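Down below is the structure, laid out as structure tokens.
Just so we're on the same page: letters track the sequence lines, and every chain starts at 1. The structure displayed is predicted, hence computed values, not measured ones.
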2 protein chains.
Amino acid sequence: MLGKKRISESTIHRLSLYYRALSVLEKDNYDTVSSKELARREKLTPAQVRKDLSFFGSFGTRGLGYPVKELKTQIAGILGIDRTWRVALVGIGNIGSALVSYKEFSRQGFQIVKLFDNDQRKIGSNHKGIVVSDIRNLQQELSDAKIEVVIVAVPATVAQYIVDDIVNAGIKAILNFAPVNLKVPDDVYIRHENMSMELEYLSFAMVNNHAQKRVRA
Amino acid sequence: MLGKKRISESTIHRLSLYYRALSVLEKDNYDTVSSKELARREKLTPAQVRKDLSFFGSFGTRGLGYPVKELKTQIAGILGIDRTWRVALVGIGNIGSALVSYKEFSRQGFQIVKLFDNDQRKIGSNHKGIVVSDIRNLQQELSDAKIEVVIVAVPATVAQYIVDDIVNAGIKAILNFAPVNLKVPDDVYIRHENMSMELEYLSFAMVNNHAQKRVRA
DNA sequence: ACGGCTATGTGAAAAGCTTCACAAAAGAAG
DNA sequence: CTTCTTTTGTGAAGCTTTTCACATAGCCGT
């Protein structure tokens, strides 16, 4: 709580869950919520909730719980979603097109304001009010549009080239949907969204008969 | 390696990464690969790779490395993707439409063979050769079509109702894209795909100035 | 105003996961 | 056939994360 402390990735991911739960609680007019209730809603333990929050401060009141509205604001501040981020999306294929309209992003302050593709049939077309730019102008337009985050939704085979360009344009945060690992310099944050992974986990769980708790060699 | 052992979620997720890397290596005609090279390709440590694989057997040859083709086959068996799974998709909105055409799923054996929606304008329409069914027939059609896995891509507000129906139809594996936690019985596997989470992680990393290593209270 | 009750915040213990480090195995070279 | 080199497989150590458990704080009812 005081001084400096390393925060784990899991804790940050759980903050996203708390934020989501608090949004629902706020809409349902709850004033306060206990760690127990928050835990129940996101399938965690009360101790985990309290420990996570304690890394960032003392937001609760003993005997009462946490103030819903205020805690939500605090978490938004911690996650950096108490502001808007200017986002570009590269690759207007299946996934890319879906993401342009994905309301969850804008709801959290991630505003997609630029689109890029290399397909002449797509360049110039309009998606949700945004005209698709030619990927050849990527670097120039990213910097002109003051983009802070780029989402990559291109085929795996070209993803590394695109990412190199993005990095050269000075972008420091990338979300990659291509199913491939990508190299970026140490000062660039990159995160991967691998949609097959969870299906594979389900498959593993099913094959390793009912429980996923044990496995035979 | 011998007997029974709990396998962590992280290990299973890394198996997905190894499988992906091995697919590339196979295509590039590599016969063998070392833990060092596999680790380099997926940004892990060699020890991690060896330990993960050792939970399931001894697949390598000392001094040489792992046989690419055979290891890939072994991992496919462990993950249960050495077969096809019959998958249904509920909710043909932005995300749902994208997933119908998402090739990575079919490549891993997840065949989407049924589509459902509640919108009269979508029911009866054809997506990649599959006619969208009325969600009111969900239970009957899931069982008639021998579906094993259901992907949920409906609005958060109705996701729990849909999932209840799916569970009642006897389905034991669910992949949920709705940004909400869902209750299922203990014998049903459910996994969540939360696409905002990684963006929020990026945001956190950026706000907590360059390093994400330290945070002030 | 005070006692009871509830739920936080947090050190400490426990559990879980990753890295280390090395013996052992196997191909390669001469 | 023997030595050298390489890289696996794996206990043990080290580190991280989660859970426990309880003192403490603060609301609520009387």
Side-chain angles (χ1 to χ4, degrees), chain A residues 1-15 17-18 21-22 25 30-68 70-71 74-75 78 201 212-215 217, chain B residues 1-15 17-18 21-22 25 30-68 70-71 74-75 78 201 212-215 217:
Chain A
M1 169 208 168
L2 28 69
K4 293 173 176 198
K5 183 112 191 55
R6 240 198 137 275
I7 303 297
S8 78
E9 177 172 325
S10 316
T11 293
I12 302 309
H13 280 164
R14 284 191 298 267
L15 287 186
L17 299 181
Y18 304 148
L22 288 164
L25 287 161
Y30 283 80
D31 285 333
T32 58
V33 64
S34 65
S35 57
K36 194 176 161 194
E37 172 65 10
L38 217 36
R40 191 190 59 75
R41 293 191 173 223
E42 296 296 339
K43 265 221 158 193
L44 301 164
T45 64
Q48 180 91 84
V49 173
R50 295 201 298 277
K51 179 68 85 177
D52 283 338
L53 296 176
S54 78
F55 290 136
F56 302 97
S58 294
F59 306 116
T61 305
R62 295 177 189 222
L64 237 199
Y66 299 92
V68 170
E70 192 194 311
L71 182 57
Q74 291 284 351
I75 292 178
I78 294 163
Y201 190 89
Q212 155 265 128
K213 279 171 209 135
R214 286 154 190 300
V215 131
Chain B
M1 171 207 167
L2 27 70
K4 293 174 175 194
K5 184 114 191 53
R6 241 198 137 276
I7 303 296
S8 78
E9 177 173 327
S10 316
T11 292
I12 301 308
H13 280 163
R14 283 190 299 267
L15 288 186
L17 299 182
Y18 304 149
L22 288 164
L25 287 161
Y30 284 79
D31 285 334
T32 59
V33 63
S34 65
S35 58
K36 194 176 163 194
E37 173 63 11
L38 217 36
R40 192 190 59 76
R41 293 190 175 225
E42 295 296 340
K43 265 221 158 191
L44 302 164
T45 65
Q48 180 91 83
V49 173
R50 295 201 298 278
K51 179 67 87 177
D52 283 339
L53 296 176
S54 78
F55 290 136
F56 302 98
S58 294
F59 306 116
T61 304
R62 293 173 190 225
L64 239 199
Y66 299 91
V68 170
E70 192 195 309
L71 183 58
Q74 291 284 351
I75 292 178
I78 294 163
Y201 189 90
Q212 157 264 129
K213 280 172 209 133
R214 288 154 189 300
V215 131

Using a 4.5 Å cut-off on heavy atoms from C-beta on, say whether the side chain of [Y] contacts that of [X].
{"X": "A:Leu38", "Y": "A:Leu17", "result": "no"}
{"X": "A:Leu71", "Y": "A:Tyr18", "result": "no"}
{"X": "B:Phe56", "Y": "B:Leu15", "result": "yes"}
{"X": "B:Asp52", "Y": "B:Leu44", "result": "no"}
{"X": "B:Tyr66", "Y": "B:Arg50", "result": "yes"}
{"X": "B:Thr32", "Y": "B:Thr61", "result": "no"}

Distance, rounded to the nearest Å, where [X] contributes [atom1] and [N] contributes [atom2]:
{"X": "A:Leu38", "N": "C:dT8", "atom1": "CG", "atom2": "C1'", "answer": "13 Å"}
{"X": "A:Leu44", "N": "D:dC20", "atom1": "CG", "atom2": "P", "answer": "14 Å"}
{"X": "A:Asp31", "N": "C:dA7", "atom1": "CG", "atom2": "C1'", "answer": "17 Å"}
{"X": "A:Phe55", "N": "D:dT19", "atom1": "CZ", "atom2": "P", "answer": "12 Å"}
{"X": "B:Arg6", "N": "C:dC17", "atom1": "CZ", "atom2": "P", "answer": "7 Å"}
{"X": "B:Leu53", "N": "D:dG9", "atom1": "CG", "atom2": "P", "answer": "8 Å"}
{"X": "A:Phe56", "N": "C:dG9", "atom1": "CZ", "atom2": "P", "answer": "14 Å"}
{"X": "A:Lys36", "N": "C:dC5", "atom1": "NZ", "atom2": "P", "answer": "16 Å"}

Side chain of [X]: nearest nucleotide among [options]?
{"X": "B:Arg50", "options": "D:dC22, D:dG9, C:dC20", "value": "D:dG9"}
{"X": "B:Arg14", "options": "C:dG9, D:dT10, C:dT18", "value": "C:dT18"}
{"X": "A:Ser54", "options": "D:dG9, C:dC20, C:dG9", "value": "C:dG9"}
{"X": "A:Ser10", "options": "C:dC22, D:dC20, D:dT18", "value": "D:dT18"}

Can you find a side chain N or O atom of B:Gln48 that sits less than 4.0 Å from OP1 or OP2 on C:dC17?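 It does not, given that no N or O in the side chain of B:Gln48 lies less than 4.0 Å from OP1 or OP2 of C:dC17.
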
Considering just the side-chain nitrogens and oxygens of A:Ser8, establish if one lies under 4.0 Å of OP1 or OP2 belonging to D:dT16.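 It does not, given that no N or O in the side chain of A:Ser8 lies less than 4.0 Å from OP1 or OP2 of D:dT16.
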
Would A:Arg41 and A:Tyr30 count as a cation-pi pair here, with the cationic atom under 6.0 angstrom from the ring centre and within 45° of the axis?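 Geometry flag: set, cation within 6.0 Å and 45°.
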
Between B:Ser35 and B:Lys51, who's closer to the 5' end of DNA chain D by nearest nucleotide?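 So the residue in question is B:Ser35.
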
Please give me every residue in residues 59-68 of chain A whose heavy atoms get under 4.0 Å of an atom in DNA chain C, ordered by residue number.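 Residues of residues 59-68 of chain A that come under 4.0 Å of DNA chain C are, in numerical order, A:Phe59, A:Gly60, A:Thr61, A:Arg62, A:Gly63, A:Leu64, A:Gly65, A:Tyr66.
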
